[in-house]
Structure formats: C-alpha cells, structure tokens
Amino acid sequence: MSDLGFLVAPLVAAAALLWAFFTFRRVRAQPAGPPQLKAVSDAIAEGAAAFLARAYRAVAVFVALLAAAVFALGAAGHGLLPPATALTFLAGAACSLLAGYAGMRAAVVANVRTAAAATTGLGPALRVAFAGGSVMGLAVPGLGLLGVSACTLLLGNPADPTSLVAVNGFALGASSVALFARVAGGIYTKGADVGADLVGKVEAGLPEDDARNPAVIADNVGDNVGDVAGMGADLFESFVVSLIAALAIGAMVKPLGTAALAIPFWLFAAGLLASLCAGALVRPGKPRDPGGPLRRASLAAEALFLAAAYAITVLGYHQIRLFGAVACGLGVAVAIGLVTEHY
C-alpha cells in the first residue's frame with residue numbers, strides 16, 4: 001500500500017482538474033442575462049484580465065531572478081540546494097499563477113450568470129454560484145497535489161528522504177507568488193473600494209454600487225483580482241506548504257520508512273475525493289437559507305474524509321495514534337467553521 005500512495009494521488013488530482021474544467025464549461029453555458037447586465041460584466045472581466053496581466057508580468061521578473069539565484073546556489077556545490085530546486089521553484093510559481101487565474105476566470109463568468117439566475121429564484125442562483133466557486137475549490141488542491149506528486153516522483157526517491165530536498169522549491173515558488181498576488185490584489189481592491197465610496201457616496205451622493213459611478217467597476221475588478229485570484233494563490237500556497245511539511249516530518253520517522261511519506265499523499269487524495277463526492281450533495285431546491293445546503297455538504301465531506309482516514313491510517317498502516325491526530329485536527333477545523341459562521 002505504501003508505494004500506491006505516490007501513484008494514486010496524481011490520478012485523483014488529475015480527476016479533480018478534469019471535473020473543474022467540465023464544471024467551468026457547464027457554468028459558461030448558463031444564460032448571461034440581458035445585454036445591460038452582460039455589458040457591466042464584460043467591463044469587469046476586461047479590467048480583471050488587464051490587472052492580472054500587468055501583475056503577472058512583474059511577478060514573472062521576480063520569479064525568474066530568484067530561480068536563477070537558486071540554480072546558481074545549487075550549481076555552486078555548497079550542498080544546500082540541488083540545482084533541480086530551481087525547476088521545482090518555477091513549477092510551484094507557475095501552478096500558483098494558474099490556480100489564481102483559473103479561479104478569477106471562473107468567477108467573472110459565474111458572477112453575471114448567478115445574477116441572471118437569481119431573477120428566477122434563490123435555488124438556481126445558488127447552483128450557479130456554487131459551481132463557479134467549485135472551479136477554484138478543485139483547481140487549487142488539484143494543481144497542488146499533482147505538482148508535489150510529480151516533483152516527488154520525478155526528482156526524488158521515496159526510499160531516500162534526503163533526495164526530496166528539491167521538492168521544497170515547489171513550496172517556495174508557491175509562496176513567492178502568493179505574497180505578490182495577495183498583497184497587490186488586496187491593496188488594489190481596498191483602494192478601489194474606498195475610492196468608489198468617497199467619490200460616489202460622499203461627493204456625488206450616489207447609493208452604494210450605483211451603476212452611474214464608474215469607480216464601481218474598479219471596485220468589482222478589485223474583488224475579483226484580490227478576493228479571488230489573490231486568495232486562490234494564497235490558498236494554493238497554504239495547501240502546498242502543508243503537504244510538503246507533512247513530507248518533511250515523514251522523512252524523519254525512520255521506523256515507518258516510505259510509508260511515512262506515502263501517508264500524506266493518501267490523506268490529501270482522500271480529502272480531495274471526499275470534497276468531490278460531497279459537492280454533488282449541494283441540491284438547494286428552494287432554500288430559504290442558502291447556507292444550509294453548503295453546511296450539509298461540508299459536514300458530509302468531513303465525515304467521508306474521517307472514514308477514509310481511518311481506513312488509511314488504522315486498517316492500512318496500523319497507526320491508531322496518527323488517526324487520533326487527524327481526527328483532532330478535523331474536529332478543530334469543523335469547530336472553527338461553525339463558530340465563525342455563528343458569530
């Protein structure tokens with residue numbers, strides 16, 4: 001079972017990415033509403049694309065310089081970093097950029113279609129919105145799991161944990177992009193938000209998000225590039241760092257051997273599969289509270305993952321204490337979500 005984890009994880013990740021692609025196509029096929037609605041949406045999409053293109057050019061320069069420095073450090077032979085770390089660094093940065101772009105692209109497509117669906121009821125709007133959000137929800141872990149798995153299989157030898165040092169470059173690349181994407185997008189969206197309020201509400205006396213205020217377009221552009229693309233890169237970095245940290249800890253657990261490195265891949269793949277299955281449970285119908293279907297799907301995903309974690313850790317590897325740690329972490333995560341939602 002140990003070696004299978006390194007192969008199952010990329011297959012699950014690829015399946016998640018395929019599902020995200022077909023979900024995006026299904027969302028794009030929904031009606032976009034009247035021409036006035038689509039005109040505003042097109043302006044927001046154009047602005048978001050222009051911002052990302054400019055931001056990504058700046059990030060690309062930084063990433064290229066840092067990759068060259070990492071390669072030079074490895075080539076110097078000091079033993080700190082293998083030269084292949086530069087390649088994993090570039091791969092991590094590219095996947096992070098792609099995750100943020102995929103989420104933003106899905107958002108600008110889903111936003112207008114959610115608004116159009118809302119004219120027919122809360123249920124149809126929730127279905128379109130959930131499908132649009134699930135694109136990034138699947139793209140982020142899919143790209144992360146696929147990227148780390150590929151780096152581990154191509155550059156490392158699971159039987160020799162020291163060979164996995166180069167995989168750390170993937171996390172470094174993801175973190176570098178997340179820093180720029182989150183900060184740049186966040187500053188822009190806050191500046192656009194405050195500017196729109198000052199000009200529209202204070203100076204012109206217009207209501208919030210009034211269509212007569214051109215700054216509202218900039219505000220909505222900021223929401224897409226900061227709260228979607230920036231957040232996507234941030235979540236991607238957190239996902240990748242968590243997985244590689246688990247691998248680093250596993251490399252120090254000598255008695256388990258390669259199993260200590262395979263277990264994180266099994267668990268992350270199980271979590272991704274649980275999310276895929278639970279997403280199919282979101283059937284809003286005619287809800288009065290749109291949070292209900294989402295909450296039930298989230299709890300279902302957590303229950304499925306807990307069952308899978310028991311099968312992996314206890315039945316597969318006979319590690320009851322490891323299952324206890326996973327269960328405690330999952331319980332805390334569920335509690336944080338419910339308490340935050342309550343307040």
Handout entry: Trace of the side-chain contact (heavy atoms from CB on, under 4.5 Å) decision for F305 with S275
Key = CA-CA 8 Å; F305 171 71; S275 298; over 6 Å; no
Practice task
Starting from the C-alpha separation in whole Å, work towards a yes-or-no answer on side-chain contact (heavy atoms from CB on, under 4.5 Å) for L7 and F265.
Solution key: CA-CA 9 Å; L7 301 176; F265 286 110; over 6 Å; no
Handout entry: Working for side-chain contact (heavy atoms from CB on, under 4.5 Å), residues Y56 and F180
Key = CA-CA 9 Å; Y56 281 7; F180 279 90; over 6 Å; no
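Across every non-hydrogen atom of A233 and V177, the tightest pair is CB-CG1, 4.4 Å. The minimum heavy-atom distance linking V225 with Y188 is given by the pair CG2-CD2, 3.9 Å. When all heavy atoms are compared, the tightest approach of T88 to G169 is OG1-CA, 3.3 Å. Closest approach of A269 to V12, counting heavy atoms only: O-CG1, 3.7 Å. Considering all non-hydrogen atoms of both residues, A67 and A86 come closest at O-CB, 3.6 Å. The nearest pair of heavy atoms linking L37 to A32 is CD2-O, 3.8 Å.
A salt bridge does not link E237 to R182: none of the charged nitrogens lies less than 4.0 Å from a carboxylate oxygen.
Contact check for V241 versus S175: side-chain heavy atoms found under the 4.5 Å cut-off. Taking 4.5 Å as the limit, every side-chain heavy atom of F6 sits out of range of all side-chain heavy atoms of S149. Between T85 and N168 the shortest side-chain heavy-atom distance does not fall below 4.5 Å. Between S298 and R295, every side-chain heavy-atom pair lies at or beyond the 4.5 Å cut-off. At least one side-chain heavy atom of P82 sits under 4.5 Å from a side-chain heavy atom of V165. In this structure the side chain of V240 never reaches within 4.5 angstrom of the side chain of L145, judged on heavy atoms. Looking at heavy atoms from C-beta onward, Y101 lies in side-chain contact with L52 at the 4.5 angstrom threshold. L66 places a side-chain heavy atom less than 4.5 Å from the side chain of S176.
Judged by distance alone, with hydrogens and angles left aside, the side-chain atoms of T114 form a donor-acceptor pair with the main-chain N or O of A110 at under 3.5 Å. Here the side chain of D223 pairs no donor or acceptor atom with the backbone of T189 at under 3.5 angstrom. In this structure, the side chain of D42 does not engage the main chain of A39 through any donor-acceptor pair within 3.5 Å. Using a distance-only test at 3.5 Å, with no hydrogens or angles considered, no donor-acceptor pair links the side chain of T119 to the main chain of A115. Without hydrogens or angle criteria, R113 side chain to V109 main chain gives a donor-acceptor distance under 3.5 Å. No donor-acceptor pair under 3.5 Å is formed between the side chain of Y317 and the backbone N or O of I263.
Using cut-offs of 30° and 60° for the angle between ring planes, the F236 and F170 rings count as tilted.
Atoms CZ and CZ, on F21 and R26 in that order, are 12.5 Å from each other to the nearest 0.5 Å. To the nearest 0.5 Å, atom CG of residue L17 and atom CG of residue L143 are 5.0 Å apart. The CG atom of L261 sits 8.0 Å away from the OG1 atom of T152 when rounded to the nearest 0.5 Å. Here L172 contributes atom CG and I244 contributes atom CD1; the two are 9.5 Å apart, rounded to the nearest 0.5 Å. To the nearest 0.5 angstrom, M104 atom CE is 13.0 Å from D227 atom CG. For the atom pair CG of D197 and CG of N213, the computed distance is 8.5 Å after rounding to the nearest 0.5 Å.
Residues L235 and L179 fall into different hydrophobic clusters, defined by Ile, Leu, Val, Met, Phe, Trp and Tyr side chains chained together at heavy-atom separations under 4.5 Å. Side-chain heavy atoms closer than 4.5 Å link hydrophobic residues (I, L, V, M, F, W, Y) into clusters, and following such links, even through other members, never connects L87 to L97. Residues I187 and M231 do not share a hydrophobic cluster, defined by chaining ILVMFWY side chains whose heavy atoms lie under 4.5 Å apart. Both L98 and L90 are members of a single hydrophobic cluster when ILVMFWY side chains are connected at heavy-atom separations under 4.5 Å. Clustering ILVMFWY residues whenever any of their side-chain heavy atoms sit less than 4.5 angstrom apart, transitively, puts I44 in a cluster other than the one holding V112.
Other residues, nucleotides and ligands contribute at most 12 non-hydrogen atoms within 6.0 Å of the CD atom of E46.
Between the side chains of Q319 and T313, not a single donor N or O lies within less than 3.5 Å of an accepting N or O.
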Hey, can you pull the donor-acceptor pairs under 3.5 Å for the side chains in residues 329-337, sequence neighbours left out?
none

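With sequence neighbours left out, the ring pair (Phe, Tyr, Trp, His ring centres under 6.0 Å) criterion links Y310 to F323.
Residues F71 and F89 place their aromatic rings such that the two centres sit no closer than 6.0 Å.
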